[in-house]
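Throughout, protein chains are lettered first and strands after them, A, B, ... in sequence-line order, and every chain is numbered starting at 1.
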Amino acid sequence: MSVRVRMAPSPTGMLHIGSVRTFLFNWLFARQQGGEVLLRIENTDTSREVEEATEQIQRSLRWLGIDWDGPVRFQLDRMEDAQRFARQLVDEGKAYEDEGAIRFRMPDEGTTGWVDVIRGRVEVPNESIEDLVILRADGRPTYNFANPVDDMLDEITHVIRGQDHISNTPKQLQILHALGAEAPVYAHAPDVLGTDGKKLSKRHGAQSVEDFHREGYIPEALVNFLARLGWAYDDKTEVFTRDELLEHFRLDRVTPSPAVFDYQKLTWLNGVHLRNLTPDEYADRVVQYLREAGLEWDEELVRRAAPLVQEKIERLDHFPDYTRFFFEEVKPAVPLDGAGPVLEQAEAALAAVEPFEAEPIERELRALADRLELKPREAFQPIRIAVTGSKVSPGLFESIELLGKDETLRRLAAARAGAA
RNA sequence: GCCCCCAUCGACUAGCGGCCCAGGUCACAGCCCUUUCAAGGCUGUAGCGCGGGUUCGAAUCCCGCUGGGGGCACCA
């Protein structure tokens, strides 16, 4: 039997990171099994926002590299099927009318249970389950009816969803049974919590895929991090590429307990993946990010500046902080009292450097420090501040090379004038 | 109130009866490296919720408690 799963977001707005995690589990599991992934938008209401949210969801999934098969489906499309099945259940005495709506007749005795891939055996006493409405008075199916009907019609083999659905599962199992359908395998993934132990929400910070994108996180890191939330391969591996995840992920190794979303660890992981990109790829990401952020900096210069900060930043949105001085006029943010002599000599020394490249530049400046009997850091810091405007910058020599001789000398002179 | 789920360092987790006086990672602290910031290297602080069992032996199995969370809609 070939595997088929479905990702079923409700089109209420941005794609929440918690949903993404369960989608990722669906995707990883199905893809490694050579199975199919369906994208089904679950909303029995037609609202004005649906179209927009649906687009948004797809954009976010594509950005993450989570793909799906076939066209996007909508729960709404199966409304007539649901109505037909509801009527059939009434005819068979398995459901009944109640004030215009149709209720499903739940058994009063015994238990309904299943073997959850993540949790093991789960069992619920039938007497605790009410006869639920499956068709509203206006004819629209309710979620707990539309959902299993869709799963049945779509021939879903594995339902991997959030643990908040655990209490829905026995209901859906009963409906499936009444419909004569074979039950899919269920796996209920744990929740993703905020630092306060409550379900992740706006007040915890970024929560939609868009938010993370905007904050300079890259898909590789987000996917890696999300996969590790509730799952581990062994006792030591933290960093995974997408392919490694596809190779090692195991649904039955997902922990049943909820996990706290640790932004700091995500950020660390983002830095790791940023550093793992090839220089060209890294430059591409930076260019793209800056463009999306609306910063119109010269692309060629951005590409040349990129390698200078690949080792230094953890998030793409930090790029401008390190490289602004290449693109804009800078004023030393720190006083340069007493630095006059160093700056003057640096100016003279650099004026003679040819070719104007990092290596000879470094040689000259180190020689200068020796002459002045200054420690390297003492000599370089004022130069750094004069040239980059900041105490923190990419490598000084590479920066000076990229900035060019004319501009470097100009800044040195300007700073010297200010320091005097 | 009823039903269900969960429980190892601050966080993510490894552990599935002896290999564990509990290992890795993030964060934190110190040291090293060093042109700043990073990266990297080394070291350290820190945990099996509690109480009963079972067993020669329990973080690991069972029961109870406590504490978290979810659900009980003509919402999804």
Side-chain angles (χ1 to χ4, degrees), chain A residues 8-12 41-45 75 98-103 111 113 116 118-120 122-130 132-147 161-171 188 190-193 195 197-199 225 228-239 253 255-269 271-272 274-275 308-314 318 321-322 334 362 365-366 369 374-385 388 390-400:
Chain A
S10 47
T12 47
I41 308 293
E42 302 226 315
N43 197 2
T44 50
D45 296 320
Q75 196 160 63
D98 179 25
E99 304 206 31
I102 293 180
R103 279 186 191 279
T111 61
D116 197 284
I118 294 172
R119 283 152 215 279
V122 179
E123 216 151 349
V124 181
N126 288 330
E127 60 180 343
S128 70
I129 310 173
E130 313 246 307
L132 66 142
V133 170
I134 56 177
L135 218 59
R136 289 177 255 248
D138 65 5
R140 285 155 52 230
T142 58
Y143 168 79
N144 271 315
F145 188 57
N147 189 274
R161 50 173 26 164
Q163 66 136 45
D164 49 324
H165 286 286
I166 290 178
S167 57
N168 290 326
T169 302
K171 302 172 187 172
H188 290 91
D191 281 334
V192 176
L193 273 24
T195 327
K198 299 272 166 47
K199 245 187 154 172
F225 177 76
R228 275 289 286 103
L229 217 52
W231 169 82
Y233 170 56
D234 57 18
D235 61 341
K236 48 176 164 294
T237 316
E238 296 286 343
V239 181
R253 269 187 63 87
T255 17
S257 55
V260 172
F261 194 102
D262 185 350
Y263 290 86
Q264 285 185 307
K265 188 159 183 180
L266 201 217
T267 303
W268 164 76
L269 207 44
V272 170
L274 240 20
R275 275 176 252 124
L308 304 194
V309 295
Q310 185 166 6
E311 291 281 319
K312 300 184 184 300
I313 62 174
E314 296 187 295
H318 291 154
D321 296 339
Y322 275 81
V334 186
E362 175 168 5
L365 291 182
R366 285 197 186 279
L374 289 173
K375 289 179 180 171
R377 65 191 310 143
E378 296 168 332
F380 299 160
Q381 202 61 342
I383 300 173
R384 180 191 311 282
I385 293 166
T388 73
S390 167
K391 287 194 293 188
V392 177
S393 80
L396 220 211
F397 318 119
E398 293 78 5
S399 294
I400 288 176

Please state how far atom [atom1] in [X] lies from atom [atom2] in [N], giving the value in whole angstrom units.
X: A:Glu311; N: B:rC33; atom1: CD; atom2: C1'; value: 15 Å
X: A:Trp268; N: B:rC28; atom1: CH2; atom2: P; value: 13 Å
X: A:Asp191; N: B:rG70; atom1: CG; atom2: C1'; value: 7 Å
X: A:Asn168; N: B:rA73; atom1: CG; atom2: P; value: 11 Å
X: A:Leu396; N: B:rA38; atom1: CG; atom2: C1'; value: 15 Å
X: A:Glu42; N: B:rA76; atom1: CD; atom2: P; value: 9 Å
X: A:Ile134; N: B:rC74; atom1: CD1; atom2: P; value: 13 Å
X: A:Lys391; N: B:rA38; atom1: NZ; atom2: P; value: 12 Å

Between A:His165 and A:Glu398, which residue's closest nucleotide on RNA chain B lies nearer the 5′ terminus? A:Glu398
Heavy-atom nearest nucleotide on RNA chain B taken for A:Ser10 and for A:Ile313; more 5' hit belongs to A:Ile313
Pairing check on [N]: which nucleotide meets the Watson-Crick or G-U wobble criteria with it, both distances under 3.5 Å?
N: B:rC37; result: none
N: B:rC42; result: B:rG30
N: B:rU25; result: B:rA11
N: B:rC72; result: B:rG1
N: B:rC65; result: B:rG49

Spacing of [X] atom [atom1] and [Y] atom [atom2] [to the nearest 0.5 Å]:
X: A:Asn126; Y: A:Lys171; atom1: CG; atom2: NZ; answer: 12.5 Å
X: A:Arg161; Y: A:Asn168; atom1: CZ; atom2: CG; answer: 6.0 Å
X: A:Phe225; Y: A:Glu238; atom1: CZ; atom2: CD; answer: 10.5 Å

Going by modelled atom types, is there a donor-acceptor pair between the base of B:rU36 and the side chain of A:Arg377 at under 3.5 Å? no
Gap in Å between the two [atom1] atoms, one belonging to [N] and one to [M], rounded:
N: B:rC63; M: B:rA22; atom1: C1'; result: 25 Å
N: B:rC3; M: B:rG49; atom1: C1'; result: 24 Å
N: B:rC4; M: B:rG51; atom1: P; result: 27 Å
N: B:rG41; M: B:rA59; atom1: P; result: 33 Å
N: B:rG68; M: B:rU8; atom1: P; result: 15 Å
N: B:rG69; M: B:rC74; atom1: C1'; result: 28 Å
N: B:rA39; M: B:rA58; atom1: P; result: 43 Å
N: B:rC20; M: B:rG15; atom1: P; result: 15 Å

Main-chain N/O of [Y] paired to [X] side chain as donor or acceptor, under 3.5 Å:
X: A:Thr255; Y: A:Ser257; value: no
X: A:Asp191; Y: A:Asp164; value: no
X: A:Thr388; Y: A:Ile385; value: no

Under 4.0 angstrom, heavy atoms only, what part of the nucleic acid is [X] near: base, sugar-phosphate, or nothing?
X: A:Asp138; value: nothing
X: A:Glu378; value: nothing
X: A:Arg275; value: sugar-phosphate
X: A:Asp98; value: base

Ignoring hydrogens, what is the shortest heavy-atom contact between A:Pro170 and A:Ile129? Give both atom names and the distance. CB-CD1, 3.8 Å
Does the separation of the ring centres of A:Phe261 and A:Tyr263 fall below 6.0 angstrom? yes
Closest listed nucleotide, where the reference is the side chain of A:Ser128 and the choices are B:rU36, B:rC74, B:rC3: B:rC3
Quick check for you: among B:rU25, B:rG40, B:rC4, whose closest atom lies nearest to any side-chain atom of A:Pro125? B:rC4
For A:Arg366, what residues pass the side-chain contact (heavy atoms from CB on, under 4.5 Å) criterion, not counting sequence neighbours? A:Glu362, A:Pro376, A:Phe380, A:Phe397
Please encode protein proximity along nucleotides 6-16 of chain B as a string of B, S and -, counting only heavy-atom distances under 4.0 Å. SS---SBSSS-
